[in-house]
Structures are given as C-alpha cells and as structure tokens.
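Input: a single structure, listed below in structure tokens.
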Amino acid sequence: MDKVVAFIKNVWFRRGVALACFGYTAFLAWISWLCLGYYFVLENPAPLFILYLFVNIAALGLLVFTRKQLITQINTFLIPIVVLVLMIFGFGQWFIIVPPMAVMVVAFFAARSNETLKTVFGTLYLLFFVICVAAYIGINMFIGSVSFTDVDLDKRDPSYEYVSQTGEYRIVRYLQESGMRKTVSYYVETATEDVEIPFGVCKKVIFCKHLHTAEYETLNNELVSWGTENVGGETKDVPFVEGIRRENPYLIQALDEDS
C-alpha cells in the first residue's frame, strides 16, 4: 500500500497525468468541431449524456489531482478558450456546454497558478463570454438564426434521407418559410464522412452542396432520386430532379484560374 501511495505522489507520475489531461482539451475541441459541422442523430440520449458527464467528472478529478503541476496550470488557461468556441458553435445545446463549463471554472480556480495571472485572464475570459453571448443573442433577435453550415439545422426534415446507390452521398431536405412563401430545398451531403459516437451518429453537414429548391406544394419523396453512371471505369452517383439528370455537385470540377 505504501508503494502505491508513493507511486501516486511521485512527481513524474503527476506530470504524466497532467500531460494526459491535454487529451480532455483535445476532446472538447473535437466536440466543438462536431457542433460546428454535424447533425446529431441520437438513438438514446440519456446513456450518452451519462457517459459524457462521467468523462467530464473524471477529467475534473485529474485536473484537480495535478493542480500544482505547471502543465495543468497551462492547460487551465487553454480550456476556457476551447469552451468558448464550444459555446459559440453549440449555443443552445446546454447539455453539451454546461459540464465542460463547470470543469473549466473549478479547474481554473483550483490550479496553483500565479494569482495575478488568474485575475487578469479570468477577467478577460469572463468579458469574452459575456460579449459572445450578447452578440449571439443580438444577432438572433435582429438578423435571424446564426448558422455556420449555410443551412438552418432546425429546418431539416428528419424523416427524409435518400442515400445514393454507392452509399457515398445522400440527399436531405430543408423546409423553409420566407414570409407567406414556403419552399423545400434539397442538399447533397457526403455520407461516408459521418462520425459514429456511442448511442448515435453525427452526420456531416458542413460543406454540403445545394441541389434544388422547389415550391412547398411540390413536396414529395419522388422529386429527387439517384442514379449511377460509369465514368472512366468508375461508378459515379448522379442525382435526378423530376427525372432530369443533374451534375453531382461534389464531382463538379472547379475552373482552373490559370486556364
């Protein structure tokens, strides 16, 4: 038992744990990326939230355990920046934002950093958070919903998804209203770049390509379809709109500026 206690108290062990805590910071950056460009489809949200909560509690325990290490002190100054990005990209998804925010606050004050530095950076971080929240709310009130993916995920039709024959692409639709006019827009996404997570999947939306927009009255599941063509010995997915062949927007080559 004494050997175990001595091992745990060993400064190199604590430094190793402190270094490993950067994995938590990277994890939060990854979650921020998912909030930025992916649509979450959760099979069972409750177990996923419990698992997510456990990860945050475990990370907090390790950060507090190594609070005297310089590596952890540096990490506690980086985590607020990542949490701020997470809050901006995932604004409104508080079940994702609140746990790391709690970890951020406790770890920041628990770390044995220079008190002057903590006061200065703490004030700056608080100011940034307040400004970002106020700006986000203001933009939503006076301009409209903020989107980083060129589409409003709240308008996505979860009941419609048309995957191509090769499984590489899918067509999804968004129901939109502009005054008295209702439209339905179809977008092509890369299905192969989805991210599997426990109890769900994150479907890549960022960099999706617009395919077609029609009046809401023409809403039906047969408006668009997939076909295939053999190009250069390779099978390519080709979309059709009302039976008319369209170019796959992902396969259209950009013009060479030098030509």
Side-chain angles (χ1 to χ4, degrees), residues 1-38 40 42-133 194-202:
M1 187 64 181
D2 292 338
K3 290 183 178 180
V4 174
V5 174
F7 178 76
I8 293 176
K9 290 183 177 181
N10 184 278
V11 65
W12 288 106
F13 172 74
R14 289 176 181 259
R15 287 174 181 174
V17 173
L19 188 62
C21 285
F22 276 101
Y24 174 69
T25 309
F27 170 74
L28 293 182
W30 180 64
I31 296 296
S32 301
W33 167 245
L34 293 182
C35 289
L36 166 66
Y38 289 76
F40 289 74
L42 305 181
E43 300 171 359
N44 201 336
L48 178 59
F49 176 72
I50 293 173
L51 178 61
Y52 182 63
L53 194 62
F54 173 79
V55 171
N56 282 273
I57 293 174
L60 176 59
L62 295 178
L63 288 168
V64 172
F65 173 69
T66 59
R67 64 189 181 279
K68 297 181 181 179
Q69 302 301 315
L70 177 61
I71 299 173
T72 295
Q73 294 167 15
I74 295 173
N75 200 10
T76 56
F77 285 111
L78 295 177
I79 290 176
I81 300 174
V82 181
V83 173
L84 178 61
V85 174
L86 174 61
M87 187 187 70
I88 294 172
F89 292 159
F91 196 88
Q93 302 183 68
W94 301 114
F95 64 96
I96 296 178
I97 299 172
V98 171
M101 188 171 289
V103 173
M104 171 195 73
V105 173
V106 176
F108 185 82
F109 286 106
R112 298 294 177 85
S113 306
N114 181 278
E115 292 300 324
T116 302
L117 277 177
K118 288 173 70 172
T119 302
V120 172
F121 277 92
T123 302
L124 288 175
Y125 290 147
L126 180 60
L127 184 62
F128 287 150
F129 273 87
V130 171
I131 291 175
C132 289
V133 170
D194 294 343
V195 176
E196 297 285 342
I197 60 175
F199 310 106
V201 61
C202 299

**OP:** Tell me, please, which residues at least two apart from Thr76 pass side chain to side chain donor-acceptor pair (under 3.5 Å).
**Re:** none
**OP:** Could you tell me whether the side chains of Asn75 and Tyr24 share a donor-acceptor contact shorter than 3.5 Å?
**Re:** no
Beyond-backbone contact of [X] with [Y], side-chain heavy atoms, under 4.5 angstrom:
{"X": "Val106", "Y": "Leu63", "answer": "no"}
{"X": "Leu19", "Y": "Phe22", "answer": "yes"}
{"X": "Leu124", "Y": "Val120", "answer": "yes"}
{"X": "Pro100", "Y": "Leu86", "answer": "yes"}
{"X": "Tyr125", "Y": "Ile81", "answer": "yes"}
{"X": "Leu127", "Y": "Ile131", "answer": "yes"}
{"X": "Tyr52", "Y": "Phe27", "answer": "yes"}
{"X": "Arg14", "Y": "Val17", "answer": "no"}

Tell me if a side-chain donor or acceptor on [X] pairs with a main-chain N or O of [Y] at a distance below 3.5 Å.
{"X": "Lys68", "Y": "Gln73", "result": "no"}
{"X": "Thr72", "Y": "Thr66", "result": "yes"}
{"X": "Arg67", "Y": "Val64", "result": "yes"}

Heavy-atom pair with the smallest gap, counting every atom of [X] and [Y]:
{"X": "Ile97", "Y": "Gly90", "result": "CD1-O, 3.2 Å"}
{"X": "Gln93", "Y": "Cys35", "result": "NE2-SG, 4.5 Å"}
{"X": "Gly200", "Y": "Glu196", "result": "O-OE1, 3.8 Å"}
{"X": "Met101", "Y": "Phe129", "result": "CE-CE2, 3.9 Å"}
{"X": "Cys202", "Y": "Ile197", "result": "SG-CD1, 3.7 Å"}
{"X": "Pro99", "Y": "Phe49", "result": "CG-CE1, 4.3 Å"}

Atom pair [atom1]/[atom2] of [X] and [Y] - distance to nearest 0.5 Å:
{"X": "Phe121", "Y": "Asn114", "atom1": "CZ", "atom2": "CG", "answer": "10.5 Å"}
{"X": "Leu48", "Y": "Phe40", "atom1": "CG", "atom2": "CZ", "answer": "9.0 Å"}
{"X": "Met104", "Y": "Leu84", "atom1": "CE", "atom2": "CG", "answer": "9.0 Å"}

Subject >> Any residue meeting ring-ring contact (aromatic ring centres under 6.0 Å, His included) with Phe128, in chain and number order, not counting sequence neighbours >> reply: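 Expected list: none.
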Original post:
Under 6.0 Å between the ring centres of Phe108 and Phe77?
Top reply: yes
**OP:** Apply side-chain contact (heavy atoms from CB on, under 4.5 Å) to Trp30 and Val195, showing your working.
**Re:** CA-CA 11 Å; Trp30 180 64; Val195 176; 3.6 Å; yes
Original post:
Taking it one step at a time, do Val201 and Tyr38 satisfy side-chain contact (heavy atoms from CB on, under 4.5 Å)?
Top reply: CA-CA 9 Å; Val201 61; Tyr38 289 76; over 6 Å; no
